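Below is one structure, written out as structure tokens; the observations come after it.
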Amino acid sequence: MSIHIELSNGVKMPLIGLGTYELNGNTGIEAVQVALQTGYRALDAAWLYNNQEEIGEAIANAVNTGVVRREELFITTKVSPQFYDSQESIKENCRYSLSKLRLQYVDLLLLHAPWAVKKVEGDTSPTVNGKCMTVPCDLAQVWKGMETCMDQGLTKAIGVSNFNSKQLQLVLDNARIRPVVNQVECHIYQQQKKLQSFMAERGVVMISYGCLGSPGRNNPDKSDIGLQNMLEHSVVKSIGERHGKLPSQVCLRFLIQSGIAVIPKSATPARIKSNFDICDFALNAAEMDSISEMHSGKRVFTFDNVKHDANYPFHDEF
Ligand SMILES: NC(=O)C1=CN([C@@H]2O[C@H](COP(=O)(O)OP(=O)(O)OC[C@H]3O[C@@H](n4cnc5c(N)ncnc54)[C@H](OP(=O)(O)O)[C@@H]3O)[C@@H](O)[C@H]2O)C=CC1
Ligand SMILES: O=C1CO[C@H](CO)[C@@H](O)[C@@H]1O
């Protein structure tokens with residue numbers, strides 16, 4: 001069973017999707033196929049992940065073998081900050097992703113981040129002395145490129161990712177077509193409650209990335225108490241035991257029950273399946289409250305190499 005949340009444009013988006021960062025090669029094709037066979041209908045892709053060809057192959061296999069029809073799918077991709085220099089460049093980047101995904105349109109197109117990066121052929125993250133080579137950008141202007149992608153039928157909806165409240169407001173104030181989502185880091189240690197209510201007041205839905213705390217990511221902060229492995233947390237474990245569910249399922253359930261969409265990534269079939277199997281139980285109010293208290297405000301994704309840029313989003317509180 002797949003459950004949905006309605007976006008401000010009336011489109012229904014599945015609350016559970018598969019994250020695809022690092023799902024490359026055959027592992028990627030197989031993971032996406034397992035997900036689609038399991039019942040996932042949403043996939044989160046990006047130009048940056050350099051694996052859209054694999055995702056396209058897996059989608060085509062699933063559609064051609066009758067596992068799913070294209071219209072049932074909700075495919076997201078993201079325009080990378082290297083393509084913010086013109087409306088034409090944004091459209092081209094979107095068209096490139098569509099060709100790799102073997103699709104006529106995506107269901108959701110996001111600006112991957114609120115900063116722009118210098119275009120350097122063959123280098124997805126150009127860096128000098130540890131700093132990302134960012135360039136100034138006017139987000140209201142960049143947004144026009146996204147609207148053009150809508151006008152041309154390349155996507156059914158547009159949104160943003162890693163935007164703080166001010167950046168989102170700037171886009172909303174200047175938008176002809178409103179952003180329907182903001183995809184941000186969100187999990188039981190970084191619950192984003194202020195940003196979520198700011199967004200809810202404006203009809204923008206939150207998609208959580210790193211919803212399991214991105215175990216395995218090499219972030220020095222992770223040894224910190226505020227980012228300890230949430231799948232080992234005693235409270236999460238005991239709630240899981242009460243429901244006959246895994247800690248990972250409790251963490252995901254907490255988010256979807258808070259109206260936040262999740263996109264856990266896994267290359268492991270059993271995990272792909274268990275991450276989807278979170279619709280047959282509910283956390284009670286006391287359980288929701290005790291997880292709410294685990295918020296530490298720490299981030300796994302701090303994008304330190306962008307801190308020097310005027311558009312770095314995380315200097316502000318939310
Ligand atoms: N907009 C943005 O800037 C960003 C977007 N994203 C998106 O969000 C997605 C998810 O983020 P990600 O960083 O991958 O973090 P996640 O929190 O989804 O964690 C993924 C990791 O958790 C492991 N895992 C998955 N399920 C389980 C489970 N049930 N039990 C134990 N371990 C599990 C996976 O291992 P294994 O694969 O070995 O099973 C993988 O190592 C990305 O794939 C991408 O699509 C991510 C970062 C930034
Ligand atoms: O989407 C993403 C996946 O993770 C990367 C970092 O590890 C991020 O840079 C990027 O935004």
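The analysis underlying the following values was restricted to heavy atoms, covering all of them including side chains, and did not include hydrogens, waters or symmetry mates. Start at 1 and go down the list; that is how both ligands and their atoms are numbered. The structure displayed is predicted, hence computed values, not measured ones.
In this structure, Y209 does not count as a contact residue of ligand 2, since none of its heavy atoms falls inside 4.0 Å of the ligand. Heavy-atom separations between H112 and ligand 2 include at least one value shorter than 4.0 Å.
Here the protein heavy atom with the shortest distance to atom 22 (O) of ligand 1 is P215 CG, 3.3 Å. Regarding atom 47 (C) of ligand 1, its nearest protein heavy-atom neighbour is Y209 CD1, 3.3 Å. Remark: minimum distance from atom 1 (O) of ligand 2 to any protein heavy atom is reached at Y49 OH, 2.5 Å. The protein heavy atom nearest to atom 11 (O) of ligand 1 is G210 N, 3.4 Å. At the shortest separation from atom 6 (C) of ligand 2 among protein heavy atoms lies R217 NH1, 3.4 Å. Atom 29 (N) of ligand 1 has N275 OD1, 3.0 Å as its closest protein atom, hydrogens excluded (heavy atom only). Nearest protein neighbour of atom 42 (C) of ligand 1, counting heavy atoms only, is Y21 CB, 3.7 Å.
Near G213, the atoms of ligand 1 lying under 4.0 angstrom from a non-hydrogen atom of the residue are 17 (O). Those atoms of ligand 1 with a heavy atom of I263 less than 4.0 angstrom away are 7 (C), 8 (O), 9 (C), 10 (C). Residue contact check: F301 has heavy atoms under 4.0 Å from atoms 13 (O), 47 (C) of ligand 1. Taking every non-hydrogen atom of P264 and a distance limit under 4.0 Å, the qualifying atoms of ligand 1 come out as 18 (O). Counting the atoms of ligand 1 from 1 in the order shown, those under 4.0 Å from a heavy atom of L231 are 30 (N), 31 (C), 32 (N). The atoms of ligand 1 that sit less than 4.0 Å from any heavy atom of Y49 are 4 (C), 5 (C), 6 (N), 7 (C), 44 (C), 45 (O). Residue-ligand proximity, H112 to ligand 1, at heavy-atom distances under 4.0 Å covers atoms 1 (N), 2 (C), 3 (O). Near T268, the atoms of ligand 1 lying under 4.0 angstrom from a non-hydrogen atom of the residue are 36 (P), 38 (O), 39 (O). Every atom of ligand 2 is numbered from 1 in the order shown, and the set under 4.0 Å from a heavy atom of F303 is 8 (C), 9 (O), 11 (O).
Contact annotation for K265 and ligand 1: heavy atoms of both the backbone and the side chain come within less than 4.0 Å of the ligand. Heavy atoms of V300 found under 4.0 angstrom from ligand 1: none, in either backbone or side chain. Contacts between T20 and ligand 1, counted as non-hydrogen atom pairs separated by less than 4.0 Å, involve the backbone only. Looking at S248 against ligand 1, only its side chain comes within 4.0 Å, counting heavy atoms. Contacts of N162 with ligand 1, taken as heavy-atom pairs under 4.0 Å, involve the side chain alone. Residue contacts with ligand 1, taken as heavy atom pairs separated by less than 4.0 Å, involve S161 solely via side-chain atoms from C-beta onward.
Heavy-atom proximity to atom 45 (O) of ligand 1, evaluated over D44, L252, L18, L110, is greatest for D44. Around atom 15 (O) of ligand 1, the closest heavy atom drawn from P269, A267, S214 belongs to S214. The option with the heavy atom closest to atom 36 (P) of ligand 1, from among H187, K78, R271, is R271.
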Trace of the side-chain hydrogen bond (donor to acceptor under 3.5 Å, both in side chains) decision for Q257 with R253
CA-CA 6 Å; Q257 216 171 297; R253 178 73 208 184; 2.8 Å; yes
Worked verdict on E88 versus K91 for salt bridge (charged side-chain N to carboxylate O under 4.0 Å, His left out)
CA-CA 5 Å; E88 199 45 49; K91 266 189 296 176; 3.1 Å; yes
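No donor-acceptor pair under 3.5 Å is formed between the side chain of R271 and the backbone N or O of S248. Formation of a donor-acceptor pair under 3.5 Å by the Q192 side chain with backbone atoms of E185 is found in this model. Here the side chain of W143 pairs no donor or acceptor atom with the backbone of R176 at under 3.5 angstrom.
Here the options are I29, N26, L101, the test is side chain to side chain contact (heavy atoms under 4.5 Å, CB included), and the partner is E54; only I29 passes. Checking I158, L168, L110, L111 one by one against P179, the side chain to side chain contact (heavy atoms under 4.5 Å, CB included) holds for a single residue, L168.
Geometrically, R299 does not engage Y189 in a cation-pi contact, judged by NZ or CZ lying under 6.0 Å from the ring centre and within 45° of the ring axis.
Between R69 and V63, every side-chain heavy-atom pair lies at or beyond the 4.5 Å cut-off. Under the 4.5 Å side-chain criterion, counting only non-hydrogen atoms from C-beta, E287 is in contact with R242. In this structure the side chain of L7 reaches within 4.5 angstrom of the side chain of V181, judged on heavy atoms.
In this structure, Y209 has its ring center at least 6.0 angstrom away from the ring center of Y21. Ring centroids of F83 and W47 are separated by less than 6.0 Å, placing the two rings close together.
Using a cutoff of 4.0 Å between basic side-chain nitrogens and carboxylate oxygens, K131 and D309 are not scored as salt-bridged. Ion pair K245/D277 flagged as a salt bridge, since at least one NZ, NE, NH1 or NH2 atom sits closer than 4.0 Å to an Asp/Glu carboxylate oxygen.
Between N162 and ligand 2, a contact under 3.5 Å exists for no N or O pair.
The aromatic rings of F303 and F314 sit tilted relative to each other, their planes meeting at an angle between 30° and 60°.
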